[in-house]
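Chain letters run A, B, ... following the sequence lines, proteins first and then strands; every chain starts at 1. Only heavy atoms go into these numbers, but all of them, side chains included; no hydrogens, no water, no symmetry mates.
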2 protein chains.
Amino acid sequence: MKQEQKSELTRQLILNESFNLFYKHGFKATSVDKIMNATNLTKGAFYHHYNSKKELGLAVISSNLQKRVVDGMITPLHQKGDALKLLEDIFSTRLKSFSLEEKQHGCPMNNLINEIADTEVAYQVALKAIIDKWTTALIELIERGKTENTIKKDISSKAVAIYLISAFEGVRGIRKLYDDDLILNQYISGLSFYLKQLRA
Amino acid sequence: MKQEQKSELTRQLILNESFNLFYKHGFKATSVDKIMNATNLTKGAFYHHYNSKKELGLAVISSNLQKRVVDGMITPLHQKGDALKLLEDIFSTRLKSFSLEEKQHGCPMNNLINEIADTEVAYQVALKAIIDKWTTALIELIERGKTENTIKKDISSKAVAIYLISAFEGVRGIRKLYDDDLILNQYISGLSFYLKQLRA
DNA sequence: TCAAAAACATACCGACTAGTATTTTTTATT
DNA sequence: AATAAAAAATACTAGTCGGTATGTTTTTGA
C-alpha cells in the first residue's frame with residue numbers, strides 16, 4: 001500500500017477510536033495510551049501523526065464531530081417540503097432514532113462543549129464553527145418558510161434557530177439523568193407546540 | 001471552638017473550594033491535592049472528613065449545587081403575580097445577571113451533568129433530584145397560571161417545564177463558545193416569543 | 001540494490017493521581 | 001493535670017498521565 005494512503009488510514013483509525021472513547025468516557029478521562037490501545041498501535045505511532053492530544057482533540061471536532069452534525073442535523077434541512085414540518089421531523093425523528101447508548105451518553109458535541117470549551121480557545125473556535133454552520137442552515141430554512149408564507153414573518157429567524165438548538169442540546173444532557181424516554185417525549189411535545197405557534 | 005463546629009466549618013470550606021474548582025476546571029481535572037491546596041489544609045484533613053473524591057462530588061451536588069439552583073431558579077418561582085411574566089423574568093433576568101465568569105464557564109449543574117452523569121449512577125441520582133425539584137416547581141407555577149386563566153389549558157405543563165429547562169441549560173453551554181452576549185439575547189428573544197404563545 | 005525517509009515500536013521521563021499509614025497537634029472530658 | 005479522642009500534618013504508595021528519545025521495520029524512489 002502507498003505510504004500516503006496508509007498514513008491516512010492510520011489517522012482515520014486514531015480519529016475514530018478517539019471519537020468513540022471521548023464520547024464514552026470524556027476527553028480528559030481518555031488517555032493517549034487508551035486510544036492507541038484501542039487501535040492496536042503504540043504511542044510512537046500516535047506522536048508520529050499528531051503533535052499533541054490537543055491537536056487530536058481539534059481534529060476529532062472538525063472531522064468526526066462536524067460530520068456527525070452535518071449528516072444528522074444539517075443536510076436533512078435542505079429537503080423539499082413544508083419548512084415547519086421538516087423542522088419537527090428532523091428534531092424529533094433524530095431524537096427518537098438514537099440508540100440506548102446515544103441516549104445515555106448524550107450529544108458528543110454538547111459533551112465536549114461543556115467539558116472542554118472553556119479550557120482552550122482553540123476548542124471554542126472549532127466547536128463554534130459547527131454551531132454556526134447549524135445555525136446558518138436553520139435560519140435559511142426558516143427564511144424559506146417565511147417566503148413561502150408558512151412561517152410568521154414577524155419572528156426572528158435567528159432567535160428561533162438558537163432556541164431550537166439550545167433546547168435540543170439541553171434535553172440531550174438532561175436525558176442522561178433518567179433511565180427512560182419520558183423526558184424525550186415531553187421535549188418533543190414541547191417542541192411540537194412551539195413550532196405550531198410559528199406557523200403563519 | 002467546639003470540635004463539632006470546627007469540623008463543620010472545615011467541611012464547608014472543602015465544599016466551597018471544591019465547587020469553585022469543579023466549576024472552573026471540571027470535576028475530573030480537579031485533584032484532591034488542588035482542592036486541599038486551596039483550603040490551606042492537607043490531604044490528611046480531606047480523607048478525615050470524606051472517604052473518597054466521589055463522596056465529595058456527591059456532597060457538592062446535593063449541597064452547593066442544589067442550593068444554587070433552588071436560590072436562583074426555584075424559590076423565585078413562588079412569588080406572586082402573573083405566572084407567565086414571572087417565568088419570563090426569572091429565566092431572562094437570571095441570564096442577564098450572570099457575571100462574565102458565569103457566562104464563560106456555563107452552568108455548574110449542566111457542566112457536571114455532561115461531564116460525569118454517565119460515569120456513575122450515584123451522580124445521576126443526585127443531579128436528577130435537582131432537576132426533578134426544578135421541574136416540579138415549574139409545573140406548579142404553570143398550573144397556577146392555568147387556574148388563573150393566564151395560561152392556555154390545553155398544553156402540557158410538564159412539557160413546557162422540560163422545554164424551558166432544556167433551552168436554558170442548552171444555551172448556557174452554547175454561550176461558552178462565544179465571547180459576547182448576542183447568543184443570550186437571541187435566546188431571550190426566542191424565550192419571550194415562546195412564553196407569549198402560552199398565554200390564554 | 002541500496003540508501004533515505006516514513007511508519008511504527010520500545011523504553012523511558014518527570015509530574016501528577018487517588019488513596020493509605022502513621023505521626024503530631026488540638027480539643028474535650030474527667 | 002491526665003487521658004482519650006478528634007483533627008490535621010507528613011510521608012508515602014502504586015499507578016497513570018502527556019510527552020520524548022531512540023530504536024526497528026517498512027516503503028519509496030533512484
**Request:** Check whether the side chains of A:Glu17 and A:Thr39 place a donor and an acceptor atom closer than 3.5 Å, and report yes or no.
**Result:**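 No, no side-chain donor-acceptor contact under 3.5 Å.
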
Expressed as a whole number of angstroms, how long is the span from [X]:[atom1] to [N]:[atom2]?
{"X": "B:Ile14", "N": "C:dA18", "atom1": "CD1", "atom2": "C1'", "answer": "15 Å"}
{"X": "A:Met36", "N": "C:dT10", "atom1": "CE", "atom2": "P", "answer": "12 Å"}
{"X": "B:Leu56", "N": "C:dG19", "atom1": "CG", "atom2": "C1'", "answer": "14 Å"}

**Message:** Taking atom NZ as the centre, does B:Lys146 end up with more than 12 heavy-atom neighbours from other residues, nucleotides or ligands that are less than 6.0 angstrom away?
**Reply:**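 Atom NZ in B:Lys146 is crowded, with more than 12 foreign heavy atoms closer than 6.0 Å.
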
**Prompt:** Would the A:Tyr163 and B:Phe193 ring centres measure less than 6.0 Å apart?
**Reply:** no

**Asked** How are the rings of B:Tyr123 and B:Phe27 set relative to one another: parallel (under 30°), tilted (30 to 60°) or perpendicular (over 60°)?
**Response** perpendicular

**Request:** Can you label the angle between the B:Phe98 ring and the B:Phe168 ring as parallel, tilted or perpendicular, going by 30° and 60°?
**Result:** tilted

**Item:** Side-chain ion pair, B:Glu169 and B:Arg172, N-O less than 4.0 Å
**Value:**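 Salt bridge: no.
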
**Complete:** Reading nucleotides 9-21 of chain D from 5' to 3' and marking B where a protein heavy atom lies under 4.0 Å of the base, S where only the sugar-phosphate is that close, and - otherwise, the string is BB------SBBB-

**Asked** Which ILVMFWY residues are connected to B:Val125, directly or by a chain of links, through side-chain heavy atoms under 4.5 Å apart?
**Response** B:Val121

With 3.5 Å as the limit, what N/O pairs link the protein to nucleotides 5-7 of chain C?
residue: C:dA6; atom: O4'; partner: A:Gln3; partner atom: NE2; Å: 3.4
residue: C:dA7; atom: OP1; partner: A:Ser7; partner atom: OG; Å: 2.2
residue: C:dA7; atom: OP2; partner: A:His48; partner atom: NE2; Å: 2.6

**Prompt:** Are B:Tyr23 and B:Ile116 connected in the hydrophobic side-chain network, where two residues link if heavy atoms are under 4.5 Å apart?
**Reply:**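 Different hydrophobic clusters.
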
